[in-house]
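Here the structure is laid out as structure tokens; the discussion comes afterwards.
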Amino acid sequence: MRQIIENLVSGIIKQLQDEGILPSGELPEYKVERPRDESHGDFATNAALVLSRFAKMKPRDLADKMLSALPANQKEVDRWEVAGPGFINFHIAPDRIRQLIPDILKAKQNYGTSKVGAGKRILVEFVSANPTGPMHVGHGRGAVMGDAIASVLQVTGHKVEREYYINDAGNQVGVLGWSVMLRYFELYNRSITMPEGCYPAQYVVDIAKALKEQDGDKWLSVELDMTSSPPAQVVDFAMDMIMGWIRNELATVNIHFDNWFSERTLHADGKIEATIEQLTAKGLIYEGVLAPPKGKLPDDWEARPQLLFKSTQFGDAEDRALKKSDGSATYFAADIAYHFEKAGRGFDLLIDVWGADHGGYVKRVQAALTALTDKKNLLEVELVQMVNLVRGGEPVKMSKRDGTFVTLAEVVEEVGSDAVRFIFLTRSGGAPLDFDLELAVSKSNDNPVYYVQYAHARIHAVYRQLAEKGLSVSLGDGKGDLSCLTQDAEMSLIRLLGTYPEMLEGAALHREPHRVPYYLIDLASAFHTYYNSHRILDDDVVLLGARLSLINAVRQVLANGLTLLGVTAPEKM
RNA sequence: GCGCUCGUAGCUCAAUCGGAUAGAGCAACGGCCUUCUAAGCCGUAGGUUACAGGUUCGAUUCCUGUCGAGCGCACCA
């Protein structure tokens with residue numbers, strides 16, 4: 001529908017240019033947008049405001065001029081006016097608006113989808129929680145956000161793949177292995193002490209028990225030496241088990257990945273060295289000594305020469321190390337190789353969803369990727385702020401170290417996947433989130449997911465009533481006469497249905513999936529208002545059919561939105 | 001000290017890449033169930049958009065500064 005108005009306005013401007021009222025050639029951009037206030041029409045343009053200078057006229061005078069140039073034969077707009085400082089408001093003809101109902105019912109689950117993405121290939125990487133323990137609530141937020149960003153991009157015509165990067169290399173893997181070994185020794189009645197930095201939590205005990213079950217005392221003779229690597233088979237056993245948990249937890253919140261990418265393969269395939277060579281060839285690698293960090297100085301800090309990448313050439317604050325003191329690759333080096341590898345798979349855009357605690361890391365990865373590909377904006381990073389877990393207003397301390405964190409699985413168990421997803425999504429990622437367990441657990445209507453689902457279930461209830469009265473469901477197929485839908489509540493509802501596709505485009509463009517739940521709450525609210533003041537099952541069959549068609553369209557859009565968010569659309573509550 | 005993300009009603013949050021009178025929910029108060037699901041609806045009250053400047057037809061939005069919050073700041077991931 002927006003297209004109709006945009007064509008109309010651009011046609012008018014062209015005509016005014018031909019008449020010499022506006023100068024020919026490039027003019028500044030104007031907008032056609034949905035006014036916030038319904039009384040301002042269905043669409044408004046600021047063209048007269050933007051162009052007044054070029055016409056050497058007052059905005060309102062130019063607006064009047066533009067309207068007199070409106071083609072006489074068009075039927076889409078039946079009212080228009082100049083308002084405020086010089087906006088032009090367009091009111092779409094009611095018949096054209098009602099036409100949305102059959103359009104939606106025909107498109108079904110495809111209503112709202114568009115092709116604005118033009119098949120652009122996008123890789124969305126998210127979660128990527130370390131395989132050293134179960135996912136906590138913070139991971140859950142990133143997971144749901146990443147998944148929703150991917151979904152919103154998909155329905156707007158992008159070709160999307162979801163990827164999980166498994167950090168199965170590096171120090172933490174050895175730490176995990178030794179932690180399991182210690183718990184394993186403990187099961188054989190050896191007394192142990194958990195060194196600082198190890199993972200003491202219960203899940204490590206569970207892994208040790210499973211290890212004992214499978215291998216018996218096979219590993220008892222292993223000598224405890226934290227400076228060396230633990231047995232590879234033990235490490236793999238632990239990581240496989242944890243990754244199994246993570247996959248399960250993700251599945252319970254309806255998240256499924258296309259690819260699981262292992263960091264180890266980068267090391268094994270020599271991708272890291274190859275990437276460093278590429279950078280070296282570009283003259284961006286040197287041996288140097290970094291200045292001491294500006295914050296509180298680590299106890300063991302010492303100046304030492306390192307292999308450095310000149311990320312300052314690409315806007316970063318410091319050059320960054322690629323090799324550790326023991327000569328092995330840093331996490332950063334592996335991450336460069338990983339992102340370079342992703343770029344090599346031919347994506348038009350890479351999106352990473354990270355926790356805000358990794359925010360300081362964005363520039364250096366973008367710098368490296370730009371250096372390697374000569375593309376400036378290939379990598380986009382969406383930062384998701386922290387989740388503060390609260391129980392009845394009291395903060396819950398979370399720490400992997402003492403094992404007091406609350407896992408995502410526990411929260412999902414208590415609250416349900418629908419509520420978890422909806423709460424995480426009904427918030428822009430830029431703001432920290434207080435997640436109150438007590439509130440979320442208390443299945444009260446504080447939780448907007450029920451509000452939206454209830455609207456959906458209510459519509460199904462009406463249709464059940466219809467069947468009981470022996471009337472045909474096909475009355476609501478949108479094919480009958482809809483001209484009796486003249487009430488304000490009805491027209492606002494239909495108009496709202498019409499904005500769904502635009503809302504999705506905005507959500508995709510700005511990577512703001514929270515717009516979807518907010519829209520659904522709005523739609524549910526408009527429906528509840530309508531439902532309370534108008535009887536659907538009217539004795540007049542024509543009116544009955546029209547209203548059934550209307551709420552059927554509402555049901556379709558609610559279902560589409562909820563499904564998109566990975567939330568169920570129940571027929572009964 | 002530097003960087004990133006923020007600061008909107010008592011609380012939790014929105015506000016369409018600069019738009020018209022800044023909106024919801026919760027909490028408070030007052031109404032609506034013999035009729036399609038009251039997990040609902042209607043109404044009242046609640047604001048100097050942290051503060052000060054700047055850009056312009058127009059600023060919650062963009063720029064600068066101040067104050068305040070969270071996160072980060074060799075070799076960890």
Side-chain angles (χ1 to χ4, degrees), chain A residues 31 33-37 40 44 46 49-50 52-53 58-59 83-87 89 130 132 167 169-173 175 197 263 289-298 300-304 306 316-318 320-321 323-326 328 330-332 334-335 355-363 383 385-386 388 426-434 436 439 443-448 450-451 453-455 457-466 468-469 499 502-503 505-507 509-510 512 514-515 518 521-522 524-525 527-533 535-538 551 572-573:
Chain A
K31 285 191 305 190
E33 61 190 357
R34 296 270 185 184
R36 215 172 298 201
D37 188 332
H40 293 143
N46 63 349
L49 289 164
V50 175
S52 62
R53 250 188 307 156
K58 287 181 189 163
F87 289 101
N89 297 336
N130 285 345
T132 53
N167 299 129
N171 288 343
Q172 83 278 6
V173 167
V175 173
E263 183 187 347
V289 180
L290 286 174
K294 294 286 190 286
K296 57 173 190 229
L297 205 59
D300 57 348
W301 187 86
E302 59 182 59
R304 72 163 66 92
Q306 288 174 298
D316 198 6
E318 304 274 353
R320 305 294 175 178
K323 291 282 175 77
K324 298 183 210 169
S325 48
D326 66 0
S328 62
T330 60
Y331 176 77
F332 177 51
D335 220 15
D357 54 341
H358 289 61
Y361 201 73
V362 175
K363 273 187 186 165
L383 294 179
Q385 292 292 325
M386 303 283 96
N388 301 311
T426 312
R427 217 129 273 166
S428 77
L433 163 63
D434 286 330
D436 195 316
L439 210 75
K443 280 203 164 176
S444 73
N445 51 358
D446 295 349
N447 198 329
Y450 298 117
Y451 183 80
Q453 289 180 322
Y454 184 58
R458 255 185 162 178
I459 295 170
H460 276 274
V462 174
Y463 270 80
R464 283 193 293 273
Q465 281 288 321
L466 190 70
E468 276 178 31
K469 293 193 173 190
T499 65
E502 297 162 24
M503 180 279 299
E505 286 175 25
L509 178 68
H510 299 283
E512 291 180 349
H514 72 271
R515 295 184 187 203
Y518 274 100
I521 290 167
D522 274 354
S525 171
F527 167 74
H528 285 310
T529 297
Y530 176 59
Y531 178 92
N532 261 273
S533 54
R535 198 167 163 74
I536 312 295
L537 300 175
D538 195 273
I551 66 167
K572 219 177 213 176
M573 286 176 79

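Numbers restart at 1 for each chain; the letters A, B, ... are given by sequence-line order, proteins then strands. Computed over heavy atoms, backbone and side chain alike; hydrogens, waters and symmetry mates excluded.
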* To do: Would you mind reading off the distance between A:E263 atom CD and B:rA77 atom P, rounded to a whole angstrom?
  => 8 Å
* Asked: Starting at CZ of A:R34 and ending at P of B:rA20, how long is that distance when rounded to a whole Å?
  -> 16 Å
* **B:rC63 to B:rC17 separation - P atoms, rounded to the nearest Å** => 15 Å
* Asked: Is atom CZ of A:R464 surrounded by more than 12 heavy atoms (other residues, nucleotides or ligands) closer than 6.0 Å?
  -> yes
* What is the nucleic acid contact for A:A44, judged by heavy atoms within less than 4.0 Å: base, sugar-phosphate only, or nothing? -> base
* Asked: A:L537 near the nucleic acid: base, sugar-phosphate alone, or nothing, with a heavy-atom cut-off under 4.0 Å?
  -> base
* Would you check if A:Y451 stacks with the base of B:rA39, given a 5.5 Å centroid limit and a 30° plane limit, both strict? => no
* Asked: What nucleotide among B:rA20, B:rC41, B:rC75 has an atom nearest to a side-chain atom of A:A321?
  -> B:rC75
* **Proximity to the side chain of A:V462 - top-ranked nucleotide from B:rA77, B:rC36, B:rA39** => B:rC36
* If the P atom of B:rU8 is compared with that of B:rC62, how far apart are they to the nearest Å? -> 15 Å
* To do: May I have the distance from A:Y531 (atom OH) to B:rC41 (atom C1'), rounded to whole angstrom?
  => 11 Å
* Asked: Looking at B:rU37, B:rA14, B:rC75, which one has an atom nearest to any side-chain atom of A:T330?
  -> B:rC75
* Structure fact -> 5' to 3', nucleotides 58-63 of chain B under a 4.0 Å protein heavy-atom cut-off (B base, S sugar-phosphate only, - none) gives --B---
* **Sugar-phosphate, base or nothing in reach of A:P432, heavy atoms under 4.0 Å** => sugar-phosphate
* Asked: What is the nucleic acid contact for A:S428, judged by heavy atoms within less than 4.0 Å: base, sugar-phosphate only, or nothing?
  -> sugar-phosphate
* Could I get the full list of side chain to side chain contact (heavy atoms under 4.5 Å, CB included) partners for A:D522, not counting sequence neighbours? => A:L496
* Asked: Does A:D300 have any side chain to side chain contact (heavy atoms under 4.5 Å, CB included) partners at least two apart in sequence or in another chain, and if so, which?
  -> A:P298
* Within the structure shown, what part of the strands sits under 4.0 Å from A:F332 by heavy-atom distance: base, sugar-phosphate, or nothing? -> nothing
* Just label B:rC17 as syn or anti from its O4'-C1'-N9-C4 or O4'-C1'-N1-C2 angle, using within 90° of 0 for syn. => anti
* Asked: Can you name the side chain to side chain donor-acceptor pair (under 3.5 Å) partners of A:R427, sequence neighbours left out?
  -> none
* Once you round it to whole Å, what is the distance between P of B:rC36 and CZ of A:F527? -> 13 Å
* **Those residues that, when tested against A:H528, pass side chain to side chain donor-acceptor pair (under 3.5 Å) (two or more places apart)** => A:R458
* Between B:rC17, B:rC75, B:rA77, which nucleotide gets closest to the side-chain atoms of A:N130? -> B:rA77
* Reckon A:A303 touches a base, only the sugar-phosphate, or nothing at all at heavy-atom distances under 4.0 Å? -> nothing
* Structure fact -> Separation between OG1 (A:T132) and CG (A:N171), nearest 0.5 Å, reads 12.0 Å
* Asked: Between B:rA15, B:rC36, B:rC42, which nucleotide gets closest to the side-chain atoms of A:Q465?
  -> B:rC36
* May I ask you to say what A:R304 touches in the nucleic acid, namely base, sugar-phosphate or nothing, with a heavy-atom cut-off under 4.0 Å? => base
* Asked: Given B:rA77, B:rA74, B:rA20, which nucleotide is nearest the side-chain atoms of A:N167?
  -> B:rA77
* Asked: When we call it a touch if two heavy atoms are under 4.0 Å apart, what does A:L49 touch: a base, just sugar-phosphate, or nothing?
  -> base
* To do: Provide the distance between the two C1' atoms, one in B:rA28 and one in B:rC6, to the nearest whole Å.
  => 30 Å
* **Residue list, salt bridge (charged side-chain N to carboxylate O under 4.0 Å, His left out) with A:E468, at least two apart or on another chain** => none
* Asked: With centres under 5.5 Å and planes under 30°, do A:H514 and B:rA14 count as stacked?
  -> no
* To do: Give A:E502 one of three labels, base, sugar-phosphate or nothing, depending on what nucleic acid heavy atoms sit under 4.0 Å from its own.
  => nothing
* Rounded to the nearest 0.5 Å, what's the gap from CD1 on A:I536 to OH on A:Y463? Could you check? => 9.5 Å
* Structure fact -> Pairing string of RNA chain B (Watson-Crick or G-U wobble, both atom distances under 3.5 Å; | = paired to other strand) is (((((((..((((.....[...)))).(((((.......))))).....(((((..]....))))))))))))....
* **Spatial distance of atom CD (A:Q453) from atom CE (A:M573) [nearest 0.5 Å]** => 5.0 Å
* **Gap in Å between the two P atoms, one belonging to B:rG68 and one to B:rC51, rounded** => 15 Å
* In whole Å, what separates the C1' atom of B:rC4 from that of B:rA38? -> 47 Å
* To do: Answer with base, sugar-phosphate or nothing: what part of the nucleic acid does A:G506 contact at a heavy-atom distance below 4.0 Å?
  => nothing
* Check every atom of B:rU37, B:rC13, B:rA74 against the side chain of A:D300 and return the nucleotide holding the closest atom. => B:rA74
* Asked: Distance between the P atoms of B:rA24 and B:rC42, in whole angstroms?
  -> 10 Å
* Quick one: label A:A317 by what it contacts on the DNA or RNA (base, sugar-phosphate, nothing), any heavy atom closer than 4.0 Å. => nothing
* To do: Name the orientation class of the two ring planes belonging to A:H514 and A:Y518 (parallel below 30°, tilted from 30 to 60°, perpendicular beyond 60°).
  => perpendicular
* Structure fact -> Sorted by chain and residue number, the side chain to side chain contact (heavy atoms under 4.5 Å, CB included) partners of A:L49 (sequence neighbours excluded) come out as A:N46, A:P59, A:P85, A:F87
* Counting side-chain heavy atoms from CB outward, which of B:rC75, B:rU37, B:rA20 is closest to A:R458? -> B:rU37
* To do: Can you label the angle between the A:F332 ring and the A:Y361 ring as parallel, tilted or perpendicular, going by 30° and 60°?
  => perpendicular
* Spacing of A:L433 atom CG relative to B:rC71 atom P, expressed in whole Å -> 15 Å
* Rounded to whole angstrom units, what separation is found between the CG atom of A:D522 and the P atom of B:rG23? -> 13 Å
* To do: Could you give the distance separating B:rG19 and B:rU60 at their P atoms, to the nearest angstrom?
  => 10 Å
* Asked: With sequence neighbours left out, what residues match A:Q306 under side chain to side chain contact (heavy atoms under 4.5 Å, CB included)?
  -> A:L290, A:R304, A:L308, A:A321
* To do: Name the nucleic acid region contacted by A:N89, choosing base, sugar-phosphate or nothing; use a 4.0 angstrom heavy-atom cut-off, strictly under.
  => base
* Asked: Is A:K572 touching bases, backbone alone, or none of the nucleic acid, heavy atoms closer than 4.0 Å?
  -> base
* Structure fact -> To the nearest angstrom, the CG-C1' distance between A:N388 and B:rU12 comes to 13 Å
* Listed nucleotide nearest any side-chain atom of A:N532, set B:rA39, B:rC41, B:rA74 -> B:rC41
* **Nearest listed nucleotide, side chain of A:R53, among B:rA39, B:rC42, B:rC57** => B:rC57
* Ignoring hydrogens and angles, are the base of B:rA20 and the side chain of A:N46 linked by a donor-acceptor pair under 3.5 Å? -> no
* **Rounded P spacing from B:rU61 to B:rG7 in Å** => 10 Å
* Asked: In whole Å, what is the span from the NE2 atom of A:H460 to the C1' atom of B:rC36?
  -> 14 Å
